[in-house]
Amino acid sequence: MTDGIGTMTQNNSANKTVSLNDLTSQMVIQSYSGFPGKFRSMDKATSEWVKHNFKGTSIVAEREGKQLEFPVENLNEGDTLLRIQKFPQTLERLLIVNDKLINELKSRGFTKFEVKIVNKPTNAVQEKRKNSVQKAEKLIQQVKESIEVRDKASFAVESLMDNGRKGKANTKEIISFVDNIITNSSADAITAIASLKQSDQTYAHCVDVGAIFQVVYQKLIENMKVKNVFKDGREVLLSSFMHDFGKSKVPKEILDSTVRFERDSKEMQMMQNHPVYGAELLANMNMPSYIIDMAHFHHIKMDTSMASSYPDSIKWDDVRLEARLIAIIDIYQALVGKRSYKKSWAPPAAMKFIDNLAGVEYDLDIWNEFMKIMGRYPKGSAVELSDGSQAFVVSVPEKDLSRPSVVIVRNASGEDLKHHTLVDLEVEKDLNISKEIDSFETFGDNVIELFASLQVI
Ligand SMILES: [Fe+2]
Ligand SMILES: [Fe+2]
């Protein structure tokens, strides 16, 4: 088979060699292999031009009768160019075939290319990217709008507990905030805020747990083919907001104490009574059994003999799915949140930690579903990529949980960017997440403001 103009030659199973006239938008160029006469025994100006315009590539050239491969910067006067290959990502515009590139290649006289045929037309990939950018912009906007919604809801939880302490608790106080979260679809944003803002141990904790529960529950029961026990969305949020309602029977100075109590201390026993108190209070308010159970059983571990499993004398088999799920969300939020006696964990580190306890302390099936919905790198997590740049996670990937979409905020040289490129790691296979990073240490205390002001491109 010839590889002259108008024919395509199979070079290997993935790549084909084509002439300029055969380039289409369904191709991505892998290397340039046909050049006009001036690239034969090049003069100095031509070799400098190649070095400048193809920075970072590798060259195959003929030098003194030998065929050699070397980095472009080693190109010499007198070399005959045979191939330009191994393009870095920064030269992507010279690879993705479109009308502009074809015209440019024509004007330069390049004649032959090795190409990869992309399965999906390039515009479908572009469409997917546009979609991801829009979703990221929506998340950022919702985070911006939900910061206040979350703060107000935390105050409402605090006031509910204060009133509960005086025997005057009324869920009406909190229902308007529940409705606010539902109307503004803030729950998803609050799960990201939980990663970005260090919450306290009691009030914002309840709001974050509630928001995460609402986001996860519906999908989880669909995936597990289990029936929804709740009457409506309002009840889903309210029940999870109230899981620690028993804490309203714990004196405020113990509840808000910055000291970590000894295991057998009176204070610790009081704290550990909060599930029983909660069940009593909710029963007195005529709440349905599943809401009472969520408050009663959310600290029960699979191994009920553990000191961290309370109250005693409850069998794991009697703990319903809703309480097992809230237990997982409770520990996740407790790790990610700030406590006076510990700093907050990066969300991916919290996910890894609980992953090791799933099947031992926490329900394995529910955990696996939870992780599919939240991702290994929950939204709002800060990560470092394999090229050294730093980014925020903005999506939960559908297939590979370790490859979400991320928005780059700081480049590999440590410079803060003004415009923030979205990278879909499910598409950009050359990049990986190399590690999670502590967003507060890396970006400072105003990390949520930084996230809320991202300009995604
Ligand atoms: Fe609790
Ligand atoms: Fe809790």
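All figures in this text were calculated on a predicted structure; none of them were measured in a lab.
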Would you say that [X] contacts [Y] through its side chain, given a criterion of any heavy-atom pair below 4.5 Å between the two side chains?
{"X": "M27", "Y": "K116", "value": "no"}
{"X": "S146", "Y": "V143", "value": "no"}
{"X": "F213", "Y": "M294", "value": "yes"}
{"X": "K249", "Y": "E280", "value": "yes"}
{"X": "I408", "Y": "S389", "value": "yes"}
{"X": "F451", "Y": "I193", "value": "no"}
{"X": "I300", "Y": "W316", "value": "yes"}
{"X": "N170", "Y": "N163", "value": "no"}

Rounded to the nearest 0.5 Å, what's the gap from [atom1] on [X] to [atom2] on [Y]? Could you check?
{"X": "I181", "Y": "F241", "atom1": "CD1", "atom2": "CZ", "answer": "3.5 Å"}
{"X": "I29", "Y": "L91", "atom1": "CD1", "atom2": "CG", "answer": "12.0 Å"}
{"X": "I292", "Y": "N284", "atom1": "CD1", "atom2": "CG", "answer": "9.0 Å"}
{"X": "Q218", "Y": "I221", "atom1": "CD", "atom2": "CD1", "answer": "4.5 Å"}
{"X": "M268", "Y": "N273", "atom1": "CE", "atom2": "CG", "answer": "12.0 Å"}
{"X": "F443", "Y": "L450", "atom1": "CZ", "atom2": "CG", "answer": "6.5 Å"}

**Request:** Give a yes or no answer on whether the side chain of S413 reaches the backbone of E415 with a donor-acceptor pair at less than 3.5 Å.
**Result:**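 Side chain of S413 to backbone of E415, a donor-acceptor pair under 3.5 Å: no, none is there.
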**Request:** Could you please spell out the steps behind the side-chain contact (heavy atoms from CB on, under 4.5 Å) verdict for S31 and F113?
**Result:** CA-CA 6 Å; S31 63; F113 311 88; over 6 Å; no
**Asked** Checking side-chain contact (heavy atoms from CB on, under 4.5 Å) for the pair Q30/V115: CA distance, chi angles, key distance, verdict?
**Response** CA-CA 5 Å; Q30 306 297 297; V115 298; 5.6 Å; no
**Request:** Just do the salt bridge (charged side-chain N to carboxylate O under 4.0 Å, His left out) check on K301 and D363 with the steps written out, would you?
**Result:** CA-CA 9 Å; K301 300 286 165 60; D363 187 300; over 6 Å; no
Charged N to carboxylate O under 4.0 angstrom, [X] versus [Y]?
{"X": "R403", "Y": "D424", "value": "no"}
{"X": "K135", "Y": "D188", "value": "no"}
{"X": "K152", "Y": "E148", "value": "yes"}
{"X": "E158", "Y": "K252", "value": "yes"}
{"X": "D355", "Y": "K352", "value": "no"}

Indicate, with yes or no, if the rings of [X] and [Y] have centres closer together than 6.0 Å.
{"X": "F230", "Y": "Y217", "answer": "yes"}
{"X": "F353", "Y": "Y332", "answer": "no"}
{"X": "H298", "Y": "H274", "answer": "yes"}

**W367 six-ring centre to R324 NZ/CZ under 6.0 Å and within 45° of normal** =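 No cation-pi geometry.
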**Prompt:** Around E449, counting heavy atoms of other residues, nucleotides and ligands shown, do more than 12 lie under 6.0 Å from its CD?
**Reply:**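 More than 12 heavy atoms, drawn from other residues, nucleotides or ligands, come within 6.0 Å of this atom.
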**Item:** CG (D232) with more than 12 external heavy atoms under 6.0 Å
**Value:**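 Enclosed: over 12 neighbouring heavy atoms sit under 6.0 Å from CG of D232.
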**Prompt:** Run the side-chain contact (heavy atoms from CB on, under 4.5 Å) check on E145 and N184 step by step: do they pass?
**Reply:** CA-CA 9 Å; E145 288 163 8; N184 295 321; 6.0 Å; no
**Message:** Below 30° counts as parallel, above 60° as perpendicular, anything between as tilted: where do the rings of Y32 and F110 land?
**Reply:**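 Correct class here is perpendicular.
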**Prompt:** What class does the angle between the rings of Y310 and H299 fall in, given that below 30° is parallel, 30 to 60° is tilted and above 60° is perpendicular?
**Reply:** parallel
**Request:** Would you sort out whether M351 and M371 count as a side-chain contact (heavy atoms from CB on, under 4.5 Å), showing the intermediate values?
**Result:** CA-CA 8 Å; M351 295 299 287; M371 191 154 61; 3.9 Å; yes
**Polar contact flag, side-chain donor to acceptor under 3.5 angstrom, Q333-H205** =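 The answer is yes; a qualifying pair exists.
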**Asked** Have N223 and E369 got a donor and an acceptor in their side chains that come within less than 3.5 Å?
**Response**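 Result is yes, a qualifying pair exists.
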Side-chain donor-acceptor pairs under 3.5 Å in residues 394-402, sequence neighbours left out?
{"unit_1": "S395", "atom_1": "OG", "unit_2": "S405", "atom_2": "N", "d": "2.9"}
{"unit_1": "D400", "atom_1": "OD1", "unit_2": "S402", "atom_2": "N", "d": "3.0"}
{"unit_1": "D400", "atom_1": "OD1", "unit_2": "S402", "atom_2": "OG", "d": "2.7"}

**Request:** Given salt bridge (charged side-chain N to carboxylate O under 4.0 Å, His left out), test D208 with R150 step by step and report yes or no.
**Result:** CA-CA 8 Å; D208 290 353; R150 175 180 177 270; 2.7 Å; yes
